[in-house]
Amino acid sequence: LNIDALADALAIAQHHDAVSGTEREHVAADYAKRLSIGYAEAEKVVASSLALLVDSRLSSRHEDAVTKFQQCPLLNISYCPPSEAALSNGKSLVIVVYNPLGWKREEAIRVPVSTEGVIVHDSDGKEIESQLLPLSNASLSIRNYHVKAYLGRSPGETIKYWLAFSVSVPPLGFSTYIVSTDKRAGSSTISEVYTSEGNK
Amino acid sequence: DLTAEVGQGNLKLLYTTNEGKLARYVNSRSLVETSAQLTYSYYSGYNGTDRENQASGAYIFRPNGTFPIESEGQVSLTIMRGPLVDEVHQQLNPWIYQVITRIYKGKEHAEVEFNIGPIPVDDGVGKEIITKITTDMVTNKTFYTDSNGRDFIERVRDYREDWDLQVHQPVSGNYYPINLGVYIKDESTELSVLVDRAVGGSSLVDGQIELMLHRRLLHDDSRGVGEALNEEVCVLDKCRGLTVQGKFYIRIDPLGDGAKWRRKFGQEIYSPLLLAFTEQDGNNWT
């Protein structure tokens, strides 16, 4: 594994034409391709690094662990096959959250899921507060259009919610969270939705 | 009875339900309370040549009038509330496709996610879409923008300290590149806006910050790029203009308290938490 293509992508991302959009269309397309190649290479390096960090015992089965970690570069269009599929096929979803900054961060993260009745635990087994937000029609439309446009296929799994939950991540470190299905009370709170139209 | 309150911690945003518009920003911890509006407009681009009426294009920002974007028909305001985040969803018109304002638990800033596009150009006019954050602050023509992500530098409307400026373009002559953020201040408060991408922006009116979020123009500006800024995406031979999605973040602090947030949160915007996914059998969390 190396990061030569990432270095190329980083150089492009800092080029004045790429930042300001003063390049020709076919050059923009070339930039996008090179950024994507850099991202794909970096994704493999990150998966490999996280596999070693999460459990050093995995190193003997390193190749296996690397292939198991996936990222979701299309979260901006609500598209994340690993988070959508895991819960619908009866498995638990494991999310490793890495903090690249030198201070502790407490934030909420969001992943698309296709089922309600889910529960989130941290690596100590403590239940974590979570919330389901219904996916709006506008978000679904954006997702469907762009998956078809850029990936050339139907989005497949129908997601229904964004699952938001609180994470606490140490400086330059990681935390692990497990999302599983749980139909009992105490699972994720579904958001209350209010709509007003004009004076109604 | 005509307002909806969003946010369950120290920060609350008040919306008018009849118009579906942001009206007030209240922070009960820092005791900041001010009127605040978030609106959208567009500049129409000059349709010219290199010889006459210089055209607006990739390099050249040359607006030919400002037009507010009002919602078509009744304003729909959808609010989602829960223990971690409150969200306000709005669709202003078919191409300001979705605007979501979020307030997360424990955070004292509002996050605004915009989906804009495809910008319609059937009328033969290129358009540059902006958002304006308006308060009643008295800012004396002065605002501050980052210098390529580093220190914030003072800008004064229609003035340069190094030379005698003749202003021929009152809008673009006061526009600056914004990579991290922009802020304004008065005697008691400061309004900070941080961005997640390189945009243009300014403060053309006291108490107001504006950001340019998307552009679609129909003419080459004759400054070297050789084509109009009019990119399209095609699916099954059906083409349409680009849609952009991005975020900006708004916070109002007592005077002097904003710098810490701008510096710390600015780093977090550009160093997001990295997520990696895998799965395991059953519900055994261990």
Side-chain angles (χ1 to χ4, degrees), chain A residues 19-25 28 46-47 50 68-72 76 80 82-83 86 91-101 105-109 111 121 125 129-131 133-134 136 138-139 142 148-149 164-167 169 178 180-182 189 191-199, chain B residues 2 4 17-20 58-59 74-87 89 91 97-98 100 104-107 115 177 179 198 215 223-227 229-236 243 245 264 267-268 271-286:
Chain A
V19 171
S20 60
T22 46
E23 77 280 58
R24 280 187 171 221
E25 243 181 271
V46 167
L50 285 178
K68 281 182 179 166
F69 272 114
Q70 296 180 70
Q71 291 182 30
C72 285
N76 60 337
C80 180
S83 77
K91 295 190 172 181
S92 297
L93 173 69
V94 181
I95 305 175
V96 176
V97 186
Y98 180 75
N99 172 15
L101 290 177
R105 288 163 74 176
E106 290 181 341
E107 297 180 15
I109 63 166
V111 293
H121 291 100
E129 191 170 43
S130 57
Q131 178 183 347
L133 296 113
S136 65
S139 295
I142 290 167
K148 275 183 197 157
F165 60 94
S166 308
V167 299
V169 196
I178 297 95
S180 43
T181 51
D182 189 333
T189 306
S191 310
E192 296 173 20
V193 180
Y194 307 86
T195 301
S196 85
E197 283 191 13
N199 288 320
Chain B
L2 287 175
T17 49
N18 54 344
E19 291 179 302
Y59 288 105
Q74 287 220 310
V75 183
S76 164
L77 188 74
T78 300
I79 300 173
M80 297 185 187
R81 295 185 203 277
L84 284 181
V85 60
D86 279 7
E87 286 190 356
H89 292 228
Q91 183 174 6
Y97 200 67
Q98 181 173 240
I100 306 175
Y104 283 102
K105 178 186 176 185
K107 303 293 181 189
N115 285 274
N179 292 283
R215 314 173 72 199
R223 289 293 181 277
V225 74
E227 64 185 23
L229 189 68
N230 183 18
E231 196 175 349
E232 293 185 323
V233 59
C234 302
V235 181
L236 299 174
T243 302
Q245 184 197 63
K264 189 175 183 208
Q267 291 247 346
E268 292 178 359
S271 306
L273 294 172
L274 193 146
L275 310 181
F277 301 84
T278 187
E279 59 183 27
Q280 63 185 19
D281 290 328
N283 279 346
N284 180 4
W285 59 265
T286 55

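It should be emphasised that the depicted structure is a prediction, and the values quoted were computed from it without experimental measurement. Order of the sequence lines sets the chain letters (A, B, ...), proteins ahead of strands, with each chain counted from 1.
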Could you check B:Leu274 against A:Gln71 for side chain to side chain contact (heavy atoms under 4.5 Å, CB included), going step by step and ending with a plain yes or no?
CA-CA 9 Å; B:Leu274 193 146; A:Gln71 291 182 30; 4.1 Å; yes
How far does CG of A:Leu50 sit from OG1 of B:Thr278, to the nearest 0.5 angstrom?
11.0 Å
How long is the straight-line distance from CZ of A:Arg105 back to CD of B:Glu268, given to the nearest 0.5 Å?
4.5 Å
Is a donor on one side and an acceptor on the other found under 3.5 Å between the side chain of B:Gln280 and the backbone of A:Val94?
no
Portion of B:Tyr104 that has a non-hydrogen atom of chain A nearer than 4.5 angstrom:
side chain
What's the separation between atom OG in A:Ser92 and atom CD in B:Glu279, rounded to the nearest 0.5 Å?
9.0 Å
Among B:Gln91, B:Lys264, B:His89, B:Lys107, which residue has the highest count of heavy-atom pairs closer than 4.5 Å to chain A?
B:Lys264
Leading residue by heavy atom contact count with chain A [cutoff under 4.5 Å; candidates B:Leu84, B:Thr243, B:Val225]
B:Leu84
Atom group of A:Val96 that falls short of 4.5 Å from chain B, counting heavy atoms:
both
What is the minimum heavy-atom distance between A:Glu25 and B:Asn230, and which atoms define it?
OE1-O, 3.8 Å
Counting only non-hydrogen atoms closer than 4.5 Å, does B:Lys105 touch chain A with its backbone (N, CA, C, O), its side chain (CB onward), both, or neither?
side chain
Let me know if B:Gln245 has heavy atoms under 4.5 Å from chain A in its side chain, its backbone, both or neither.
side chain
So, taking the atom named CZ in A:Arg24 and the one named CG in B:Leu229, what distance separates them when rounded to the nearest 0.5 Å?
13.0 Å
With a 4.5 angstrom heavy-atom cut-off, is it the side chain or the backbone of B:Pro177 that approaches chain A, or both, or neither?
neither
Could you please spell out the steps behind the side chain to side chain contact (heavy atoms under 4.5 Å, CB included) verdict for B:Leu275 and A:Cys72?
CA-CA 8 Å; B:Leu275 310 181; A:Cys72 285; over 6 Å; no
Can you see which heavy atom on B:Gly82 is nearest to which on A:Gln131, and at what distance?
CA-NE2, 3.2 Å
Among A:Ser136, A:Ser20, A:Ala108, which residue forms the greatest number of heavy-atom pairs with chain B at distances under 4.5 Å?
A:Ser136
CG on B:Leu273 to OH on A:Tyr98, rounded to 0.5 Å
11.0 Å
Distance-minimising heavy-atom pair for B:Ala58 and A:Gly21:
CB-O, 4.0 Å
Measure distances from B:Glu231 to the heavy atoms of chain A and classify the residue's part below 4.5 Å as side chain, backbone, both or neither.
both
Interface moiety of A:Leu101 toward chain B, non-hydrogen atoms closer than 4.5 Å
side chain
Relative to chain A, which segment of B:Asp86 carries a heavy atom at a distance below 4.5 Å: side chain, backbone, both, or neither?
neither
On a heavy-atom basis, which atom in B:Tyr97 and which in A:Ala138 lie closest, and how many Å separate them?
CE2-O, 3.5 Å
Looking only at heavy atoms, which two atoms of B:Pro83 and A:Glu129 are closest? And how far apart?
CB-OE2, 3.4 Å
